[in-house]
Amino acid sequence: MTNNISLRVFAADDLVPTSSPTVQMKNVHDLPTVHPKGKKATLLLTSVFGPYAQDDEFGSRKINPMELYHNQVTREQGPFSLRMFHRTWGQMLIQANLVSPCTNLDFPTRERFIEELKTKKYDVIGIGSIIPNIGKVREMCRLIRKYQPEAVIVVGGHISNVGGLEMRVDCDFIVRGDGVRWFREYLDQDPNQPLRHPVINSGFGTRAVGISSPGDAAATIIPSVGCPMGCNFCATSAMFGGKGRFVNFYETGDELFHVMNEISKEMNVCSFFMMDENFLLHKPRAMRLLHLMREHNKSWALYVFSSVNALIKYSIEELNQLGISWVWIGLEGEESEYNKLNGVNARELLATLQENGIRLLGSSIIGLPDHTPENIQSAIDYAASFHTDFHQFMLYTPNPGTPLFKELSEKGFMKDPSEYDLADTHGQYAFNYRHPYIKNGLETELLRRAFQTDYDVNGPSLMRLTRTLLNGWLKNKNHPDPRVRARWDWEMAPVRNAYIPMVAAMRSYFKGRNEMVYRLADDLLRDLLKEFGTLKMRLFSYLGAKFLRWTIWREEKRLERGITYEPPTFYQRNEFVDDDSIELASAVEPLRDDFKVKADFTQADSADVKQTAGIVGKEMVLN
């Protein structure tokens with residue numbers, strides 16, 4: 001079954017700007033642009049229904065589970081794959097910033113969604129989705145019209161980049177970009193109010209080596225949305241207006257510190273996943289945050305996305321002091337037009353970061369224009385040779401709304417809709433265009449080969465991560481700053497308590513299977529026991545490894561039987577919903593104006609960001 005019968009796929013160029021260039025919409029039925037009930041309108045926000053890790057008529061795909069790491073990073077690592085789920089953060093952010101009654105239904109089943117429509121009355125129902133889930137959005141709109149025909153249906157997220165979406169799904173508004181601002185305006189609220197930040201657990205349902213684990217508790221912080229870099233294939237950049245346009249929710253380090261500190265106290269966490277496409281690009285804000293961390297003796301760890309040209313603006317000591325523990329970094333491909341390592345000795349840089357304990361997730365593209373069946377293994381080997389702790393591989397995919405989609409459409413390279421299903425355009429299966437050299441679906445196997453090569457050469461990501469952690473500990477256990485020493489002490493707690501027997505189990509597993517990975521595990525185990533190898537730890541390592549070998553064997557058997565994992569359903573309300581039977585979502589109030597210092601993100605700083613991002617003229621828009 002296809003989601004594209006008789007419909008041409010094109011970009012949504014007919015959406016019109018609202019009060020901000022980072023928000024566009026289409027009013028499908030010429031409804032009032034402010035809801036008649038204003039603030040009193042009741043709102044349901046929902047993600048698309050599951051289950052997700054299966055092949056079905058609504059567009060679910062087994063190869064595209066609701067698991068970021070297992071989907072795009074560790075998918076060929078078998079029982080060693082890092083499994084976890086992440087909430088739909090955008091919906092949580094919107095809910096936290098409305099003064100209208102708002103309920104959030106995250107990861108419902110189809111049956112649970114129908115139950116909600118039958119039992120609760122809503123004035124507005126918002127559905128967030130990526131493009132591959134268009135079939136689910138169509139079905140959800142049909143169900144809303146059936147059970148709540150008077151409700152206004154709003155569709156947003158990456159799916160809004162698809163042109164003619166209103167011909168595919170029966171909705172009233174299509175919204176692209178800043179959903180907080182759009183809903184505030186639609187519900188007659190002040191769109192310029194300071195942002196309340198939802199309290200977000202970064203990941204849940206963590207599982208690896210055959211056992212469930214609470215994982216490293218971390219909070220998600222959303223400093224901005226959009227990306228100033230504007231790569232021509234980036235759907236996120238396109239969604240917020242393209243190159244140079246983004247929304248900075250927190251301009252200053254003071255605002256950011258306040259939110260992080262309040263969430264740290266509420267969640268009892270010291271780790272933060274900074275959901276910002278290029279967090280380190282705004283150095284004045286980051287350095288002010290560091291000043292406040294020092295002033296208040298905070299031993300926090302930050303997990304960030306960063307481009308190389310932003311990263312090299314900092315010294316290793318500044319990164320260490322700031323608590324940069326994990327970096328997602330774009331490698332893309334050797335000598336590609338997206339080479340984000342221009343002018344930088346990439347191997348030396350990445351090796352230095354790992355030597356100092358900074359874990360790396362490299363990101364590479366399979367199917368660049370110059371890739372051929374003959375040279376693709378060389379490109380894969382190049383990616384694996386960086387030895388990053390994790391490695392994401394994605395197919396080169398021109399998504400609707402991106403400059404790449406426009407370019408390939410104009411050149412006549414895009415496939416006819418009858419040749420593919422939008423449900424398969426998630427970057428982990430097949431091309432939606434005609435590659436000049438890779439044909440007949442070969443890309444599926446080449447992508448699998450990339451993951452497999454990285455695994456065969458570098459071993460399980462959890463083993464690599466342990467090596468990098470040990471490097472950082474050896475470098476910093478005697479650091480002169482007690483705040484840095486304290487961070488490394490708590491970051492090493494899982495290594496001392498669980499990772500040593502895990503590495504011992506990996507060593508046993510790879511003996512006779514992969515000599516190169518076996519040696520890596522053997523060397524790592526020797527170094528771990530040299531540092532932490534008390535008699536008690538050696539005994540624990542031996543017994544723990546035996547237990548984990550059994551759980552690894554059990555997980556392999558489960559995976560062979562086709563076992564998949566699904567997230568639970570979340571159901572939460574904001575404080576304006578008068579129903580105590582529903583869990584109340586928590587959020588942090590913004591920093592009061594009388595506690596703010598002079599903004600540390602000045603026009604001069606803006607110029608510095610432009611220079612770093614390679615942006616000229618008026619292309620950057622700062623909100």
NZ (Lys406) with more than 12 external heavy atoms under 6.0 Å: no
Distance-only donor-acceptor check, side chains Lys26 and Ser160, under 3.5 Å: no
Plane angle bin for His435 and Tyr433 - parallel if under 30°, tilted between 30 and 60°, otherwise perpendicular: tilted
4.5 Å side-chain heavy-atom contact, Leu256 and Met274: yes
Donor on one side chain, acceptor on other, Arg61 and Gln428, under 3.5 Å: no
Side-chain donor/acceptor of Lys415 to backbone N/O of Phe431, under 3.5 Å: yes
Point-to-point distance, once rounded to the nearest 0.5 Å, from CD1 of Ile358 to CG of Leu319: 5.0 Å
Side chain Lys283, main chain Lys313, donor-acceptor under 3.5 Å: yes
Any side-chain heavy-atom pair of Ile153 and Asp170 under 4.5 Å: no
Output field: ring centroids Phe107/Phe85 closer than 6.0 Å: no
Exam field: side chain Thr425 to backbone Leu422, donor-acceptor pair closer than 3.5 Å: yes
Flag side-chain contact, heavy atom, 4.5 Å: Thr236 against His158: yes
Tyr69 and His86 aromatic ring geometry - parallel, tilted or perpendicular at 30°/60° bounds: tilted
Whether Ser81 side chain and Thr74 backbone form a donor-acceptor pair below 3.5 Å: yes
Ring geometry between His282 and Phe246 (parallel below 30°, tilted from 30 to 60°, perpendicular above 60°): tilted
Test item: Thr444 side-chain N/O and Tyr429 main-chain N/O as donor-acceptor pair under 3.5 Å: yes
Glu445, CD: over 12 other non-hydrogen atoms inside 6.0 angstrom: yes
Arg464, Gln354, Arg359 screened by side chain to side chain donor-acceptor pair (under 3.5 Å) with Asp389, the one that passes: Gln354
Aromatic plane relationship, Trp326 with Phe305 - under 30° parallel, 30 to 60° tilted, over 60° perpendicular: perpendicular
Donor-acceptor under 3.5 Å (Ser60 side chain, Pro51 main chain): yes
Residues forming a side chain to side chain donor-acceptor pair (under 3.5 Å) with Asp416, sequence neighbours excluded: Ser418
Euclidean distance, Met167 CE relative to Leu165 CG, rounded to 0.5 Å: 9.0 Å
Phe451/Phe393 under ring-ring contact (aromatic ring centres under 6.0 Å, His included): CA gap, chis, key distance, verdict: CA-CA 7 Å; Phe451 285 109; Phe393 293 95; 5.3 Å; yes
Main-chain N/O of Gly323 paired to Ser325 side chain as donor or acceptor, under 3.5 Å: yes
Residues which pass ring pair (Phe, Tyr, Trp, His ring centres under 6.0 Å) with Phe80, listed by chain and number, not counting sequence neighbours: Tyr509, Phe510
Polar side-chain atom of Gln91 near backbone of Ser47 as donor-acceptor pair, under 3.5 Å: yes
Under 3.5 Å donor-acceptor, Asn458 side chain and Ala384 backbone: yes
Side-chain donor/acceptor of Glu139 to backbone N/O of Phe58, under 3.5 Å: no
Salt bridge Arg207-Glu67, side-chain N to carboxylate O under 4.0 Å: no
Contact check, side chains of Leu82 and Pro460, non-hydrogen atoms, under 4.5 Å: no
Side chain to side chain contact (heavy atoms under 4.5 Å, CB included) partners of Thr397, counting only residues at least two apart: Leu395, Asn399, Asn432
